[in-house]
Asker: 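The structure follows.
Atoms considered below: every heavy atom in the structure, side chains included; atoms not considered: hydrogens, waters and symmetry mates. Below, chain A is the first sequence line, B the second, and so on; all start at residue 1.
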Number of protein chains: 2
Amino acid sequence: MAKHYEQYCPVAHALELVGERWSLLIVRELLKGPRRYTDLAEALPRIGTNVLAARLKDLEGCGIVAKRRLPPPTPAQVYELTPYGVALKPVMRELARWGLRSLPAPGDDEALAPGWLRGALDTFFAPVAPDGSFQFRVGDEEAALVDGEAAAGSVDDPDVIVEATPAAFYYLFVERRWDGVEVEGDRELLERLLEAAAPADDAVLA
Amino acid sequence: MAKHYEQYCPVAHALELVGERWSLLIVRELLKGPRRYTDLAEALPRIGTNVLAARLKDLEGCGIVAKRRLPPPTPAQVYELTPYGVALKPVMRELARWGLRSLPAPGDDEALAPGWLRGALDTFFAPVAPDGSFQFRVGDEEAALVDGEAAAGSVDDPDVIVEATPAAFYYLFVERRWDGVEVEGDRELLERLLEAAAPADDAVLA
DNA sequence: CCGCATCCCCAAAGATACTG
DNA sequence: CAGTATCTTTGGGGATGCGG
């Protein structure tokens, strides 16, 4: 935001850095790992190449993103988050938790971005996960949660295996409904995970 | 945001609701309590009356803000947050925590908004405060923290009294430096509070 | 191809004036 | 007091171009 809010306030200051349109979505993408310019353009439909370039320059300028040139074999350059950028993770988490409350369940034909399941586990479960290993198979995605760490793919001998459609997974997480969810193994452990990650119930008006 | 991001993602969805310029600052103001139109315009320098009106309409439209007409004696109307709006508090908190890391200390002549101290206590300390009562006097503001609740003004017989300039208060909180801070009472309790509320140290790059 | 810079156009923000 | 109306300016969306 070239224009400043002109207030001494940490929130206003934060929004001056990442409050512009697309900024936080770029951060969201980069939280998944380093990405090339074209990867970002592809993951952010309708962003427009000039805006993407401008945002990356801004984010780089204020130390949230760094540009790195990959070693010779593949002479590509990638963008990645600095530690300051990674520190936005709690912001993204709370934004996602809040946004989820009014996000409808995914349609059965909804196009989910590749890697979404790992991202969801990382955002919602990883910070509060009890010890144990969870294997999730949702739609055509597969990801695992092992001792508070989300990972793509599958893990050996998990404590519990969860299988569901995206919609069923949504209902399980958001409304604690088990219809269409297949559980194998330690169901009670899964219940504890869901409990810990529960989307905040309505905050009472102060 | 009239324009949609067209992604099935809770963060994108959240940003469609509150991602526009000024939206979150309006929420920040309303987190302090119900406000009249003019109060908001005054608290948000340079917002421009048309933009304020538009944002309020948007926020009302998606259930974050409600307009209420005050009972006859004073026929004013006020805006206030719905429970869904209040649920943005954690988002604001994380944004503020993150923003604070690159916000410089306030200058001695910095104009702070009235009530800022109570807001700071509420945002940073209230959610993690240990039991006990704290009295803060910073600059010309006075606020207290009693059993995890922030309140303006002063409290009887607090466990600890903290007195400082805004800059000294900043350094105390952000850098754990005690220069220029006067403490009376249970200093160890204050240290525990600061510990609990500590601005996240650098998240390690994943 | 990948990584942008440029150009054009329209939508949204800023500023100011004015009204129920 | 609580906005609407109007005008100007800025910034985003979309297409295209162009050097490495």
Asker: Just how far, in rounded Å, is C1' of dA15(C) from CD of Glu6(A)?
Answerer: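 In whole Å, dA15(C) C1' lies 14 Å from Glu6(A) CD.
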Asker: Given atom CG of Leu56(B) and atom P of dC1(D), what is their separation to the nearest angstrom?
Answerer: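 Nearest whole value for this atom pair: 16 Å.
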Asker: Taking the side chain of Lys67(B) as heavy atoms from C-beta outward, which of dA12(C), dG3(D), dA15(C) is closest to it?
Answerer: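 Within the option list, the nearest is dG3(D).
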Asker: Scan Thr49(A) against the nucleic acid and name what it touches under 4.0 Å (heavy atoms): base, sugar-phosphate only, or nothing.
Answerer: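 The residue Thr49(A) makes base contact.
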Asker: For the side chain of Ala53(B), counting heavy atoms from C-beta on, which of dC4(C), dG13(D), dT4(D) is nearest?
Answerer: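 Taking heavy atoms from C-beta onward, the closest nucleotide is dT4(D).
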Asker: Report the distance from atom CD of Glu60(B) to atom P of dA2(D), rounded to the nearest whole Å.
Answerer: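 These atoms are roughly 14 Å apart.
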Asker: Does the ring of Tyr5(B) carry Arg21(A) above it, NZ/CZ under 6.0 angstrom from centre and within 45° of its axis?
Answerer: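 Arg21(A) over Tyr5(B) ring: yes.
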Asker: Between Val51(B) and Thr38(A), just flag the one whose closest nucleotide in DNA chain C comes earlier from the 5' side.
Answerer: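 Mapping each residue to its closest nucleotide by heavy atoms, the 5'-most match is Thr38(A).
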Asker: May I ask you to check whether Trp178(A) and Tyr171(A) place their ring centres under 6.0 Å from each other?
Answerer: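 No, ring centres 6.0 Å or more apart.
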Asker: Is a donor-acceptor pair below 3.5 Å formed from side chain Asn50(A) to base dG13(D), judging by atom type as modelled?
Answerer: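 Flag set: donor-acceptor pair detected.
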Asker: If I take atom CD in residue Glu20(A) and atom P in nucleotide dG13(D), what distance separates them, rounded to the nearest angstrom?
Answerer: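 It works out to 11 Å between those atoms.
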Asker: Indicate whether OP1 or OP2 belonging to dA12(C) is found under 4.0 Å from a side-chain N or O atom of Trp22(B).
Answerer: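 It does not, given that no N or O in the side chain of Trp22(B) lies less than 4.0 Å from OP1 or OP2 of dA12(C).
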Asker: Using a 4.0 Å heavy-atom cut-off across all strands, classify Ile47(A) as base, sugar-phosphate, or nothing.
Answerer: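 The residue Ile47(A) makes sugar-phosphate contact but no base contact.
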Asker: Measuring to OP1 and OP2 of dC4(C), would you say a side-chain N or O of Tyr79(A) lies under 4.0 angstrom away?
Answerer: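 Yes.
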Asker: Using whole Å, report how far CD1 of Ile26(B) lies from P of dA2(D).
Answerer: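 Atom-to-atom, Ile26(B) to dA2(D), this comes out as 15 Å.
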Asker: What is the distance from atom CD1 of Ile161(B) to atom CD of Glu163(B), rounded to the nearest 0.5 Å?
Answerer: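 Rounded to the nearest 0.5 Å, the CD1-CD separation comes out at 8.0 Å.
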Asker: In whole angstrom, give the distance that lies between atom CZ of Arg68(B) and atom P of dC1(D).
Answerer: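 It is 19 Å, rounded to the nearest whole Å.
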Asker: Glu6(A): which residues meet the side chain to side chain contact (heavy atoms under 4.5 Å, CB included) condition with it, sequence neighbours left out?
Answerer: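 Glu6(A) satisfies side chain to side chain contact (heavy atoms under 4.5 Å, CB included) with His4(A), Arg46(B) only.
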Asker: Using the side-chain heavy atoms of Arg55(B), tell me which of these nucleotides is nearest: dC1(D), dG3(D), dA13(C).
Answerer: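 Nucleotide nearest to Arg55(B)'s side chain: dA13(C).
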Asker: When you check the phosphate oxygens OP1 and OP2 of dC1(C), does a side-chain N or O of Arg36(A) lie under 4.0 Å from one of them?
Answerer: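 For Arg36(A), the contact criterion (side-chain N or O under 4.0 Å from OP1 or OP2 of dC1(C)) is not met.
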Asker: So, using side chain to side chain contact (heavy atoms under 4.5 Å, CB included) as the criterion, who are the partners of Glu110(B) when residues are at least two apart?
Answerer: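 With sequence neighbours excluded, Glu110(B) shows a side chain to side chain contact (heavy atoms under 4.5 Å, CB included) to Tyr8(A), Pro106(B), Leu112(B), given in chain and number order.
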Asker: Looking at dG3(C), dG14(D), dA2(D), which one has an atom nearest to any side-chain atom of Arg46(A)?
Answerer: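 Closest nucleotide to the Arg46(A) side chain: dG14(D).
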